[in-house]
Participant: 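Supplied in structure tokens, the structure appears directly below.
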2 protein chains.
Amino acid sequence: MRAQADAGANIAFIKYWGVRDEALNLPLNDSISMTLDAARTTTAVEFSPRLADDVLTINDKPASEAALRRVSRHLDLVRERAGVTWRARVRSRNTFPMGAGVASSAAAFAALTAAAAAALRLELDGAELSRLARRGSGSAARSVYGGYVWWHAGTDDTSSFAELLAPPEHWDVRDVVAVVATAEKAVSSAEGHRLAHTSPFLRARLAQTQRLLPCVREAVLRRELALLGPCIEADALAMHFVMMSSRPPLFYWAPETLALIKAVHLWREAGLAVYFTIDAGPNVHLICEAADVEQVIARVQALEYVREIIVAGPGPGIVLQEPA
Amino acid sequence: MRAQADAGANIAFIKYWGVRDEALNLPLNDSISMTLDAARTTTAVEFSPRLADDVLTINDKPASEAALRRVSRHLDLVRERAGVTWRARVRSRNTFPMGAGVASSAAAFAALTAAAAAALRLELDGAELSRLARRGSGSAARSVYGGYVWWHAGTDDTSSFAELLAPPEHWDVRDVVAVVATAEKAVSSAEGHRLAHTSPFLRARLAQTQRLLPCVREAVLRRELALLGPCIEADALAMHFVMMSSRPPLFYWAPETLALIKAVHLWREAGLAVYFTIDAGPNVHLICEAADVEQVIARVQALEYVREIIVAGPGPGIVLQEPA
């Protein structure tokens, strides 16, 4: 009763911010992302009748109580589905570059879901895996697939799942993450999703995502960065407007975040095709095509306030592996 | 046929951003401001049949062609009203602290309007002066009055004018301007007002100002900084959201602007009653009561990225003077 799976983090082109249903992680809006090749989690799960409790190690160290509880609750969903009560030993390893530039929970819960389901011989298709992964962490719904992914917000557990837009080899886009701060978030994403409802700009952002989603889809399908870029910048800004106008306000931007936004504007005026997106944190993701990535990296390296640079391309979704 | 008038700049608690009618400077929303004592313009106007053209000096230097044209157009309105065609010699002097921390056109056009009207013996009440000053520069409509002022957006020339909420001695609020950059704006306010219509967040901001205006009015009348502060911060942020989401986007914030926003949050958490507002530029206005101003100044002085500090309190509106 054991299995191992690998999954990647993803960078959202249209972000998920705000929940309709917290228990089910139903988002307020559809989102679109690229699954990354350079920020991945490999998770081995072994169910056993001899275990009194679930056991979790992350990078070979015992996990925190909070992490264990969250994983146990997620395993309960998989166990319930399989009609099994055995506890599990979970070993999770991140190939994540250090620096907290990329959110890890999407990769973690996609890998955990796939490994647990495989260990319990559940035969789930992509949509079913996506729904189940979503319960652990909303954006894990997207990491089930590789390449370019659309997560349908839906209105209930059945209708909220991701689907593949295009596989990783469709378009060689790069995400150059300029890490400017590595501090822990003062406010968790979960709490932030809850606060979204208090922003007077939430509705305007949701209306905007409805206009941007088909553009981003088209841009991906036609491999048009000049169409994709303005959409992802507009959506990232809009998400941060909602955050900054929540009560209490959430300011994820650092001064360096704004400096990078302005640097991207200048680079683009100088002819370099690069666009930014920003998750719930201060780091800036610079999106460009593979042909321009060396130029983008060189410019970012010249900025003394950038602490670290992570480069990722489109990667595969869940990869089932032989347990070690 | 000569007169001299003095008027102050103002800091808006609820901002004016976006025009309904460009020729008449009719704003999209009502605004509320405090007229300042420390950033003033004194203007002497002398009409004479011997002048072939209007002549303008600013701080004793001949003004630019563009400035002269704008002043001439404004004088035409006053001349038309008085049935006079004589040209005028205009001498304008700013007691503005250097650093471009405060917008000067409101004080300039309030003083010019009052001096020109007095020179031509036009007997105008406050509302009439406010309407006329508005034609020169929108926010000049507010600088006609001292202390705390509400500008009714209106829907035509007659209905768009300011009224006094409370005189300067009503409440000793201070505006500590933290100057972080003195560069010329890349995009003028006039162009920005035009671009406001392209933002998908304009309507949400206008709806928010409708909720904030009565709160700011109450806060001023009751002298309650704890009620005023959150309203002015919310409105300043909202205006910048509209700016940043215009097409093309307007990023008036500098990295230091964001650093100051975060500093204000920390100072407030530490018990200091200080709030921020930000005009169409990178500098941050720290609003506090007179009793706390020394503490606020000390904290701002400790920030190595602040280039200059300007301190202003509530000042009088138009003051007619004996021509020198």
Side-chain angles (χ1 to χ4, degrees), chain A residues 180-181 183 186-187 198-212 215 229-266 268-269 275-276 278 282 284 303-306, chain B residues 180-181 183 186-187 198-212 215 229-266 268-269 275-276 278 282 284 303-306:
Chain A
V180 297
V187 176
T198 67
S199 165
F201 295 94
L202 176 64
R203 281 208 296 187
R205 189 215 157 211
L206 293 175
Q208 180 177 264
T209 63
Q210 291 303 332
R211 297 191 298 273
L212 294 177
C215 293
C231 296
I232 71 175
E233 291 190 352
D235 184 60
L237 290 174
M239 179 178 76
H240 284 272
F241 298 160
V242 170
M243 292 163 164
M244 289 189 265
S245 57
S246 296
R247 282 156 195 251
L250 301 177
F251 279 81
Y252 286 108
W253 290 1
E256 295 82 6
T257 311
L258 202 59
L260 274 159
I261 289 175
K262 298 194 156 206
V264 169
H265 286 160
L266 291 176
R268 211 154 62 222
E269 278 170 29
Y275 298 84
F276 66 81
I278 309 164
V284 177
L303 304 172
E304 86 288 350
Y305 55 82
V306 173
Chain B
V180 297
V187 176
T198 66
S199 165
F201 294 94
L202 176 64
R203 281 210 295 186
R205 189 214 156 211
L206 293 175
Q208 180 177 265
T209 64
Q210 292 302 333
R211 296 191 298 273
L212 294 177
C215 293
C231 297
I232 70 175
E233 291 190 351
D235 184 60
L237 290 174
M239 179 179 75
H240 284 272
F241 298 160
V242 170
M243 292 163 164
M244 289 188 264
S245 56
S246 295
R247 282 152 196 254
L250 300 177
F251 278 82
Y252 286 108
W253 290 1
E256 295 80 6
T257 311
L258 201 59
L260 273 159
I261 289 174
K262 298 191 158 209
V264 170
H265 286 160
L266 291 175
R268 211 153 61 222
E269 277 169 31
Y275 298 85
F276 66 81
I278 309 164
V284 178
L303 304 172
E304 87 287 349
Y305 55 83
V306 173

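Below, chain A is the first sequence line, B the second, and so on; all start at residue 1.
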Participant: Keeping A/Thr257 on the side-chain end and A/Pro282 on the backbone end, is there a donor-acceptor pair under 3.5 Å?
Facilitator: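 It does hold such a pair.
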Participant: Tell me, for B/Arg205 versus chain A, whether the close heavy atoms (under 4.5 Å) come from the side chain, the backbone, both or neither.
Facilitator: both
Participant: Is it true that a side-chain atom of A/Ser245 and a backbone atom of A/Pro200 form a donor plus acceptor pair closer than 3.5 Å?
Facilitator: no
Participant: Find the distance between CE (A/Met239) and OG (A/Ser199) and round it off to the nearest 0.5 Å.
Facilitator: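 One gets 12.5 Å once the value is rounded to the nearest 0.5 Å.
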Participant: So for B/Ala238, is it side chain, backbone, both, or neither that comes closer than 4.5 Å to the heavy atoms of chain A?
Facilitator: both
Participant: Specify whether B/Trp253 and A/Trp253 have parallel, tilted or perpendicular ring planes, treating 30° as the upper limit for parallel and 60° as the lower limit for perpendicular.
Facilitator: perpendicular
Participant: Pick one of side chain, backbone, both or neither for B/Leu260, based on which atoms fall under 4.5 Å of a heavy atom in chain A.
Facilitator: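 When you check distances to chain A, no heavy atom of B/Leu260 falls under 4.5 Å.
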